[in-house]
Peer 1: 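Before we start, here is the structure in question, set down as C-alpha cells.
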Amino acid sequence: MRRVMDDDPYLWLEDVLDEAALEWVAERNAETEAVLAADAGFASLKERLREVLDASDRIPYTARRGAFLYNFWRDAGQVRGVWRRTTLEGYRKEAPDWEVLLDVDALAAAEGEKWVWAGARVRHPDCDRALVRLSRDGGDAVVVREFDLATRTFVEDGFQVGEAKTRIGWIDADHVFIGTDFGPGSLTDSGYPRTVRRWRRGTPLEEAALVFEAGTADVSAWGWRDTTPGFERDFVGRAVDFFRSELHFLTPDGRLVRIDVPDDALAYAHREYLIVTLRSDWLGHPAGSLLAFGFDAFLAGDRTAEVLFTPDERTALAGHSWTRHHLILETMRDVSTRIEVLTPTTGGTWAREPLADVPALSAVSVVDTTPDLSDEYFLDVSGFLQPSTLYRGQIGADTEIIKQAPARFDPTGLTVEQFFATSRDGTRVPYFVIGPDRSTPGRPGPALLYGYGGFEVSLTPFYGAVTGRAWLERGGTYVIANIRGGGEYGPEWHRSALGADRPRAFEDFAAVAADLVERGITTPAMLGAAGGSNGGLLMGAMLTRHPELFGAIVAQVPLLDMLRFHKLLAGASWIAEYGNPDLEADRPHLRALSPYHRLTADRSYPPVLLMTSTRDDRVHPGHARKTAARLRDLGHQVLLYENTGGGHAGASDNEQVAHNNALVHTFLWQHLARPERQDPAQRP
C-alpha cells in the first residue's frame, strides 16, 4: 500500500470562520474565478442555466394540506422564494391563482438575515397553523416560528425556537414534541437532539417535559404524533446509528412499548397496520421485503405478516405511498421503475394491479397523496430525454395530465442506453449512457461519469435540464453509474460496500470508466468524473487510486479525511457507513480509504476542482480546504471554490446554483473537450 501521511499541518483550515482561513479561501476563490469565470463561454453558459432555473413554466410541485395545494417557488423576481397555496381548480389553470403566504425575500430584507426556506409542518387535521423552518444562508440548523395560515402572519408569543438542528412536530393545538439544543449534554456526538420533550404553549421551552432520552453515542432522538382520525397515537424513538433504530409506542398512560422489529428495519404505523421494511432477513422473509402486520395483533405477540413485496436478484423496492384505501408500490427492475396498486381485501390478502405504464429507462415517482382524505394521487413521469409530466388521478378512476414541463434542451441526435460493466470481483454493474446516437460508429468524445455509491441511495433516470444545456447540447456524453453502496438492488447492494468493503464501490466505478473506453464512447483524456458528499469521497478515491482513467475530476461538498470525519460536524452519524477511526479494528481500513492521506508528490493526478460551502454544517468545508492545500503543496493542479452560503447543497438560490454549475462545466469542458489534450498515461 502506498505510504500515507501521519501528521496534519492543515488543521488550521478546519476553523471555519478563522480570519486567516477565510483569507486563504478568498485567495483560492479568486484563482478559480480567474481561470473559469473568465472563460469566453462562462457568462453565456451561466445565463442559459439561470434561464432554466428561473423559468416561469416549470412545474410547481405541490403538497396537499386539507383543501389547499401548497408550493414553494423561486424565480428571478423572487430569489429567496415564496410559500404559497391554491385550490385544485386553481392549480388546473395554466397560470394558477396563488395565495402568497410568506415572502421570504421580504422577510430577509426586513430582518437583515439571509433566510433560506427549510420547510414547514402544517398542523393536521385542522391545517390552520404551521411550524415554519428558516435557515441562515442554507445550513442544516434552523430557527422555528409558528405561523397562522389564515392571517398569513407569524404568531406573536407562539412556538418559537432559536437556531439549532431542531426536530419539532405538532401533538395538538397547544402541544408539540421537540428535540433541540437545550445546552450542554442535550445533543448527541453527531450534533442532533438527544431528548424528546413535550412543550406546552405559553410555557418556557426549558420547562418542556422530558418524554424520551437517547444516548450521546446515538445519532438522534425523535417524537411523532400520528394524527390519523380514529388512530391517534404517539411514538418516540432513537437512531442508534445511520441504519439502526428503535421505535416505541407511547401509550396514553405514558408507558413505552418497544415495537419489536430488527433494529435495522424501518417500521411505522398506518391506521390498523404496522408496516415494516427489512434490511436483513427476518421471520423467513428476505432483506428488502415489505411486510404488513396488524398493529394491535403485533403488540400482542402475533408475528403473522402479509407480504407486500419480495425482492429478487434484479428487482428492489423503491418506495411506497398510501392513499385512503390503497398502497401505491414503486419497485425497480435493473434501475427502471415499475408502479402498481395494492388493495387490502376482506380475506386478509392484498389485490394487485398496475397503476401506470412507465416507458423503458424512465422513472416514475409519487409526488403526493392524501391518505386521510381520499384516493387522490399525483404522479410524476420523466426520463433522461423526457421532460416531466405530472398526472393527477383517483385510484379506480381516470387520470389527467395536470402539468407538463417543456423541453429545456435540444434532444436531437441523443439516445439513452443502459450497459453493464464487470467489476473486479465479477459483479455486473449497470450504468446509463445519455449522449450522441452511436448507431453509426464515430470518434470518441468528451464524457462525464457521475456516481454516489453510499447510504443505500439509488440513482434513477431523471430529466436534467442543467446537464442537458451545460453538457449534452455541447456534444458531451453523460453517464450515471449504479455502483454498490447504493440501493439499486436492495439492502445487499448497499451492504456489500460498507466499512472495509468500501473499495468495491470504487472498483465498480473504475470498471464503468474502463468499459466506456472499451466501447469507444470516450478516452481517458476525455473522461471526467463528478460526485458530491459521499460521492465526493468516491471522487477522492478515483483521484488517488485510478488517476490514469480520468482527464478531470470534480468533487463537490466532499468527504475526504477519513481519519477525522467523525470529529467534524455531523460526521459521527456516518460511522455505521464507514467505520470508527477511534477503533483499532477500523482505523487501518479507514486510513487506506482516506483520499486526503493517500495524496503523494510522486504520482500524476488529473486536474481537480473541489467545491464546498462555508455554511455547510453537515460535511465540514475543512475536507475540501485541507485537500486543496495539500495538493497545492505537493505541486498538483487543483482549484478550490468555496461558496460563502448555501449549506450542504452548496447554493441557496438560483443565482448561486447557476454560477456553481457554470464553474463545474466550464472546468470540465476546458480539460476534456480540447483535441490537443494528452492522454493521462503520458503525463510526466
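If you're wondering where the values come from, they're calculated on a predicted model, not measured in any experiment.
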Peer 1: Taking the six-membered ring for Trp, is the centroid-to-centroid distance between F432 and F462 below 6.0 Å?
Peer 2: no

Peer 1: Report yes if the side chains of R167 and T180 come closer than 4.5 Å at any heavy-atom pair, otherwise no.
Peer 2: no

Peer 1: For the atom pair CG (D54) and CD (Q78), what is the distance rounded to the nearest 0.5 Å?
Peer 2: 10.0 Å

Peer 1: Strictly under 6.0 Å, is that where the ring centroids of F235 and W224 end up?
Peer 2: yes

Peer 1: H494: which residues meet the ring-ring contact (aromatic ring centres under 6.0 Å, His included) condition with it, sequence neighbours left out?
Peer 2: F243

Peer 1: Starting from the C-alpha separation in whole Å, work towards a yes-or-no answer on side chain to side chain donor-acceptor pair (under 3.5 Å) for N71 and T62.
Peer 2: CA-CA 5 Å; N71 166 261; T62 61; over 6 Å; no

Peer 1: Within the structure provided, determine whether T544 and Y596 are in side-chain contact (heavy-atom separation under 4.5 Å).
Peer 2: no

Peer 1: Please check if the side chain of S594 supplies one atom and the backbone of M562 the other of a donor-acceptor pair under 3.5 Å.
Peer 2: yes

Peer 1: Kindly give the heavy-atom pair with the smallest separation between A130 and A120, and that separation in Å.
Peer 2: CB-CB, 4.4 Å

Peer 1: So, the side chain of R133 versus the backbone of T166: is there a donor-acceptor pair under 3.5 Å, distance only?
Peer 2: yes

Peer 1: Testing the basics here: between G179 and P193, what is the closest heavy-atom pair and its distance to 0.1 Å?
Peer 2: O-CG, 3.2 Å

Peer 1: Strictly distance-based, threshold 3.5 Å: is any side-chain N or O of D617 a donor or acceptor partner for the main-chain N or O of A141?
Peer 2: yes

Peer 1: Give a yes or no on whether E206 atom CD has more than 12 heavy-atom contacts from other residues, nucleotides or ligands under 6.0 Å away.
Peer 2: yes

Peer 1: Are any of the side-chain heavy atoms of L610 and L639 separated by less than 4.5 Å?
Peer 2: no

Peer 1: Do F72 and W83 have ring centroids that are under 6.0 Å from one another?
Peer 2: no

Peer 1: Quickly, which of R625, K626, R630, K567 forms a salt bridge (charged side-chain N to carboxylate O under 4.0 Å, His left out) with D561? Name it, please.
Peer 2: K626

Peer 1: Measure from NZ or CZ of R145 to the centre of the six-membered ring of F154 and say whether it is under 6.0 Å with the direction within 45° of the ring axis.
Peer 2: yes

Peer 1: Would you mind telling me which of V155, D128, L101 makes a side chain to side chain contact (heavy atoms under 4.5 Å, CB included) with D148?
Peer 2: V155

Peer 1: If we only count heavy atoms from C-beta on, is the L102 to V82 side-chain gap below 4.5 Å?
Peer 2: no

Peer 1: Decide whether E642 and T612 meet the rule of one side-chain donor and one side-chain acceptor closer than 3.5 Å.
Peer 2: no

Peer 1: After noting the C-alpha distance and the side-chain angles of R615 and D137, does the key distance pass the salt bridge (Lys or Arg N to Asp or Glu O under 4.0 Å) rule?
Peer 2: CA-CA 7 Å; R615 286 288 297 169; D137 217 3; 5.3 Å; no

Peer 1: Kindly confirm or rule out a cation-pi arrangement of R197 over F212, judged by NZ or CZ under 6.0 Å from the six-membered ring centre and within 45° of its axis?
Peer 2: no

Peer 1: With rounding to the nearest 0.5 angstrom, report the CG to CD distance, L498 to E456.
Peer 2: 9.0 Å

Peer 1: Stepwise, does the salt bridge (Lys or Arg N to Asp or Glu O under 4.0 Å) test hold for R121 with E146?
Peer 2: CA-CA 9 Å; R121 295 186 179 274; E146 185 177 356; over 6 Å; no

Peer 1: If we only count heavy atoms from C-beta on, is the W574 to V619 side-chain gap below 4.5 Å?
Peer 2: yes

Peer 1: So do I575 and D241 actually touch side chain to side chain, heavy atoms under 4.5 Å?
Peer 2: no

Peer 1: For a quick check under 3.5 Å, do Q656 and S652 share a side-chain donor-acceptor pair by atom type?
Peer 2: yes

Peer 1: Taking the basic N atoms (NZ, or NE/NH1/NH2) and the acidic carboxylate oxygens, is any pair closer than 4.0 Å for D653 and R74?
Peer 2: no

Peer 1: Please walk me through it: do T153 and T151 pass side chain to side chain donor-acceptor pair (under 3.5 Å)?
Peer 2: CA-CA 5 Å; T153 58; T151 63; 2.7 Å; yes

Peer 1: Taking the six-membered ring of W199, is NZ or CZ of R201 closer than 6.0 Å to its centre and within 45° of its axis?
Peer 2: no

Peer 1: Side chains of S135 and W115, heavy atoms from C-beta outward: is any pair under 4.5 Å?
Peer 2: no

Peer 1: One thing to verify: whether D75 and R50 come together as a salt bridge, which I'm taking to mean a side-chain N less than 4.0 angstrom from a carboxylate O.
Peer 2: no

Peer 1: Would you mind checking if R408 and E51 are paired as a salt bridge, meaning a charged N to carboxylate O distance below 4.0 Å?
Peer 2: no

Peer 1: With a 4.0 Å cut-off on N to O distance, would you call E23 and R28 a salt bridge?
Peer 2: no

Peer 1: Would you find more than 12 non-hydrogen atoms of other residues, nucleotides or ligands less than 6.0 Å from E111 atom CD?
Peer 2: yes

Peer 1: Please tell me whether Y578 and N534 have a donor and an acceptor in their side chains that are separated by less than 3.5 angstrom.
Peer 2: yes

Peer 1: Please assess D368 against Y70 for the test side chain to side chain donor-acceptor pair (under 3.5 Å), listing each intermediate value before the final yes or no.
Peer 2: CA-CA 11 Å; D368 194 32; Y70 289 75; over 6 Å; no

Peer 1: With no hydrogens and no angle check, do the side chains of D39 and T666 hold a donor and an acceptor under 3.5 Å apart?
Peer 2: no

Peer 1: Specify the closest pair of heavy atoms between G453 and R502, including all atoms of both residues, with the distance to one decimal.
Peer 2: O-NH1, 2.5 Å

Peer 1: For L134 and A118, which heavy atoms make the closest approach, and how far apart are they?
Peer 2: N-CB, 4.4 Å

Peer 1: Compare every heavy atom of A629 with every heavy atom of Y10, then report the nearest pair and how far apart it is.
Peer 2: CD2-CB, 3.7 Å

Peer 1: Under 4.0 Å between a Lys/Arg side-chain N and an Asp/Glu carboxylate O for R469 and E47?
Peer 2: no

Peer 1: Donor-acceptor pair, distance only, cut-off 3.5 Å: does the side chain of S245 make one with the backbone of A239?
Peer 2: no

Peer 1: Determine whether a donor-acceptor pair (N or O, by modelled atom type, separation under 3.5 Å) exists between the side chain of N643 and the backbone of G650.
Peer 2: yes

Peer 1: Quick check with a 6.0 Å cut-off and a 45 degree axis cone: is R85 positioned over the face of F68's six-membered ring?
Peer 2: yes

Peer 1: With ring-ring contact (aromatic ring centres under 6.0 Å, His included) as the test, would you mind laying out the steps for F384 and Y463 before giving the verdict?
Peer 2: CA-CA 5 Å; F384 290 115; Y463 186 80; 9.7 Å; no

Peer 1: Checking R474 against W669: charged group under 6.0 Å from the ring centre and within 45 degrees of the axis?
Peer 2: yes

Peer 1: Quick one: closest heavy-atom pair of R84 and V100, and the distance?
Peer 2: CB-CA, 4.1 Å

Peer 1: Salt bridge (Lys or Arg N to Asp or Glu O under 4.0 Å) between D218 and R194: does it pass, once the steps are laid out?
Peer 2: CA-CA 8 Å; D218 293 331; R194 192 172 68 82; over 6 Å; no

Peer 1: Which of these passes side chain to side chain contact (heavy atoms under 4.5 Å, CB included) with Y450: V554, L459, L538, T467?
Peer 2: L459

Peer 1: Short question: side chain of T188, backbone of S190 - any donor-acceptor pair under 3.5 Å?
Peer 2: yes

Peer 1: Taking the six-membered ring for Trp, are the ring centroids of H665 and F42 within less than 6.0 Å of each other?
Peer 2: no

Peer 1: Between S533 (side chain only) and P558 (backbone N and O only), is there a donor and an acceptor less than 3.5 Å apart?
Peer 2: no

Peer 1: Got S613 and T644 here, is their nearest side-chain heavy-atom distance under 4.5 Å?
Peer 2: no

Peer 1: Any chance the side chains of H659 and E33 put a donor and an acceptor closer than 3.5 Å?
Peer 2: yes

Peer 1: Between K403 and Y91, is NZ or CZ placed under 6.0 angstrom from the six-membered ring centre and within 45° of the ring axis?
Peer 2: yes

